[in-house]
Amino acid sequence: MPLAHYPYQFQPHRVRAEFFRLLPISFFVMAFGAAFGLAAAQTGLSPLQSLLMSSTVFAGASQFAVLDMWGPEISVLPMIAVVFAINSRHLLMGASLYPMLRDVSPGKRYGLLLVLTDANWAVAAQEYQSGKRNLEVIIGGGLVIWLAWMIGTALGVYFGGLMQNPKAFGLDMVLGCFLLAMALGGKKSPRVLVAWLVAGSASLAAWKWLPPNMHVVVGALAGGAIGFFWLESPGKTAGEKQEDTADGH
Amino acid sequence: MAIETTSAGILGLIAIMALVTLVTRFGGVFLMSFVPISPRVESFINTMASSVLIAIIVPMAVEGDLGALAALVATGLTMLALRKPLPAISAGLIAAAAVRYFL
């Protein structure tokens with residue numbers, strides 16, 4: 001392997017385009033940021049502390065979970081366990097981008113992982129399935145989501161909830177619907193469908209019977225195992241060749 | 001071990017949270033840099049990636065209320081019909097709002 005040769009070229013105009021492409025979804029992220037800001041203020045965090053947490057942690061579900069553990073003092077190890085468990089999906093998300101990320105310098109590689117989050121990852125992963133290499137969405141999309149998360153947190157901290165009940169508008173389902181749309185927009189083959197069946201069942205079983213917050217990793221690894229043992233016909237790996245036959249409808 | 005939620009304590013807690021989250025963001029990529037990417041590993045990665053989505057969504061559908069279920073069904077059907085994410089997500093939100101309003 002030649003040293004210090006990184007073929008992936010970032011295109012600034014694509015980063016900008018991805019920023020605006022994820023702008024609509026970032027408004028929903030902002031609504032959740034506001035919900036977090038409000039919850040944090042009610043828990044007793046100062047505005048600065050809430051903003052510091054949102055900017056450096058930038059992982060909503062784990063931030064809410066820590067607020068749930070808040071008290072006069074917080075046990076460190078359980079907090080670490082909860083944050084790690086909820087965010088452990090990042091490990092798999094990052095790993096899935098590795099075939100692209102190895103083509104950029106370590107500085108850029110780890111730099112863009114700072115803003116890795118569900119929505120921008122889902123776009124990149126889905127496009128990779130259909131042969132498009134899009135790391136620009138991780139940066140551009142990540143930045144717009146990070147900004148929205150910050151603005152939302154500030155709004156929640158300073159102005160309280162923007163909406164009395166975001167659930168009434170279905171806003172709690174934005175991320176779920178987005179991720180489902182991404183999954184269904186990707187490549188579908190018998191192999192993928194079997195993997196989904198296994199992933200869904202394993203996730204559900206883990207959610208019911210294992211300690212909390214482990215279901216995503218368990219389900220994803222179970223689905224991945226199908227891919228490990230069931231290869232597509234040789235030479236047709238996703239990301240290299242576009243599969244047109246799977247798109248027959 | 002416990003940290004008191006004083007100003008300094010909270011800063012420490014936030015630092016720990018940020019560090020743990022950073023480990024999860026960096027860790028997968030870091031570990032993969034030691035794994036040779038064979039077709040089998042590539043296949044694992046690709047199947048695992050979309051399985052992450054399914055593993056997040058399925059318990060969400062099961063644990064959620066009827067509105068949550070309606071949102072996911074509406075998104076799924078619209079996505080399969082139109083293959084465009086934005087209309088699909090909008091349909092999901094409208095379905096959730098409608099079910100919660102009327103039921």
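Just so we're clear, the structure is a prediction, and the values are computed from it rather than from any experiment. Order of the sequence lines sets the chain letters (A, B, ...), proteins ahead of strands, with each chain counted from 1.
- Heavy atoms of A/Trp196 lying under 4.5 Å from chain B belong to its backbone as well as its side chain.
- Proximity of a side-chain donor or acceptor of A/Ser75 to a complementary backbone N or O of B/Ala2 within less than 3.5 Å is not detected.
- Of the atoms belonging to B/Met17, heavy atoms from both backbone and side chain fall under 4.5 Å from chain A.
- The side-chain heavy atoms of A/Trp207 and B/Val62, taken from C-beta on, include a pair separated by under 4.5 Å.
- By the 4.5 Å heavy-atom criterion applied to side chains, B/Asn46 and A/Lys187 are not counted as neighbours.
- Of the atoms belonging to A/Phe178, heavy atoms from both backbone and side chain fall under 4.5 Å from chain B.
- Of the listed residues B/Leu19, B/Asp65, B/Thr21, the one with more heavy-atom pairs under 4.5 angstrom with chain A than any other is B/Thr21.
- With chain A as the partner, the residue from B/Ala96, B/Ala68, B/Ala88 showing the most heavy-atom pairs under 4.5 Å is B/Ala68.
- With a threshold of 4.5 angstrom between heavy atoms, B/Met79 approaches chain A through side-chain atoms but not through N, CA, C or O.
- A/Trp70 touches chain B through its side chain: at least one heavy atom from C-beta onward sits under 4.5 Å away, while N, CA, C and O do not.
- Interface remark: A/Ile86 contributes no atoms to any contact with chain B (heavy atom separation under 4.5 Å).
- The local environment of CD in B/Glu4 is sparse, with at most 12 non-hydrogen atoms from other residues, nucleotides or ligands closer than 6.0 Å.
- For B/Leu22, the part sitting under 4.5 Å from any heavy atom of chain A is the side chain, from C-beta outward, and nothing else.
- Annotation: side chain of A/Tyr128 is in contact with side chain of A/Pro99 (closest heavy-atom distance under 4.5 Å).
- Looking at A/Val66, only its side chain comes within 4.5 Å of chain B, counting heavy atoms on both sides.
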How far apart are the C-alpha atoms of A/Met182 and A/Val123, what are their side-chain angles, what is the distance that settles it, and do they pass the side chain to side chain contact (heavy atoms under 4.5 Å, CB included) test?
CA-CA 7 Å; A/Met182 287 299 121; A/Val123 175; 4.0 Å; yes
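- Comparing A/Gly170, A/Ala199, A/Pro106 by heavy-atom pairs within less than 4.5 Å of chain B, the highest count is held by A/Gly170.
- Taking the side chain as every heavy atom from C-beta outward, B/Val99 and B/Leu69 never approach each other to under 4.5 Å.
- Interface remark: A/Met79 contributes side-chain atoms only to the contact with chain B (heavy atom separation under 4.5 Å).
- With a 4.5 Å cut-off on non-hydrogen atoms, A/Lys167 touches chain B through its backbone and its side chain both.
- Taking A/Val174, A/Leu48, A/Asp118, A/Leu114 one by one and counting their heavy-atom pairs under 4.5 Å with chain B, the maximum is reached by A/Leu114.
- Proximity to chain B (any heavy atom under 4.5 Å) is shown, for A/Ala183, by both the backbone and the side chain.
- Here the CG-CG distance, from A/Leu180 to B/Leu53, works out to 9.0 Å after rounding to the nearest 0.5 Å.
- Here the closest heavy-atom approach between residue A/Ala220 and residue A/Leu92 is recorded as CB-CD1, 3.6 Å.
- Interatomic distance, CZ of A/Arg89 versus CH2 of A/Trp121, reported as 9.5 Å (0.5 Å rounding).
- In this structure, the portion of A/Leu101 lying under 4.5 Å from any heavy atom of chain B is its side chain and not its backbone.
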Evaluation steps, side chain to side chain contact (heavy atoms under 4.5 Å, CB included), between A/Asn87 and B/Val20:
CA-CA 9 Å; A/Asn87 291 332; B/Val20 171; 5.9 Å; no
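- Contact annotation for B/Leu11: only side-chain heavy atoms (C-beta onward) come within less than 4.5 Å of a heavy atom of chain A.
- Proximity to chain A involves both the backbone and the side chain of B/Phe26, based on heavy atoms less than 4.5 angstrom apart.
- Listed options B/Gly9, B/Ser33, B/Ser51, B/Ala71 were ranked by heavy-atom pairs under 4.5 angstrom with chain A; first place goes to B/Ser51.
- Among A/Gly200, A/Ala59, A/Ala125, the residue making the largest number of heavy-atom pairs under 4.5 Å with chain B is A/Gly200.
- Contact annotation: the side chain of B/Met32 approaches that of B/Val41 to within less than 4.5 Å [non-hydrogen atoms, C-beta and beyond].
- Using a 4.5 Å cut-off on side-chain heavy atoms (C-beta onward), A/His215 and A/Lys208 make no contact.
- Chain B forms more heavy-atom pairs under 4.5 Å with one residue of A/Ala225, A/Gly94, A/Cys177, A/Ser88 than with any other, namely A/Cys177.
- Taken from CZ in A/Phe36 to OG in A/Ser50, the straight-line distance is 6.0 Å, to the nearest 0.5 Å.
- Top candidate by heavy-atom pairs under 4.5 Å with chain A, chosen from B/Val58, B/Val29, B/Ile45, is B/Val29.
- Heavy-atom pairs under 4.5 Å with chain B were tallied for A/Thr56, A/Ile74, A/Thr117; the largest tally goes to A/Ile74.
- If you measure heavy-atom distances from B/Ile57 to chain A, the contacts under 4.5 Å come from the side chain alone.
- Most heavy-atom pairs under 4.5 Å with chain A, from the set B/Gly92, B/Ala49, B/Ser38: that is B/Ala49.
- Looking only at heavy-atom pairs under 4.5 Å with chain B, the residue among A/Leu221, A/Val217, A/Ile25, A/Leu179 that has the most is A/Leu179.
- Contact of A/Ala206 with chain B is not made at all, since no heavy-atom distance falls under 4.5 Å.
- Contact check for A/Ser96 versus B/Val52: no side-chain heavy atoms found under the 4.5 Å cut-off.
- A 4.5 Å side-chain heavy-atom check between A/Val29 and A/Leu22 finds every atom pair outside the cut-off.
- Atom CZ of B/Phe30 sits in a sparse spot, with 12 or fewer heavy atoms from other residues, nucleotides or ligands closer than 6.0 Å.
- Contacts of B/Arg25 with chain A are made by both backbone and side-chain atoms, with heavy-atom separations under 4.5 Å.
- Chosen from B/Ser50, B/Gly76, B/Ala98, the residue pairing most often with chain A at heavy-atom distances under 4.5 Å is B/Ser50.
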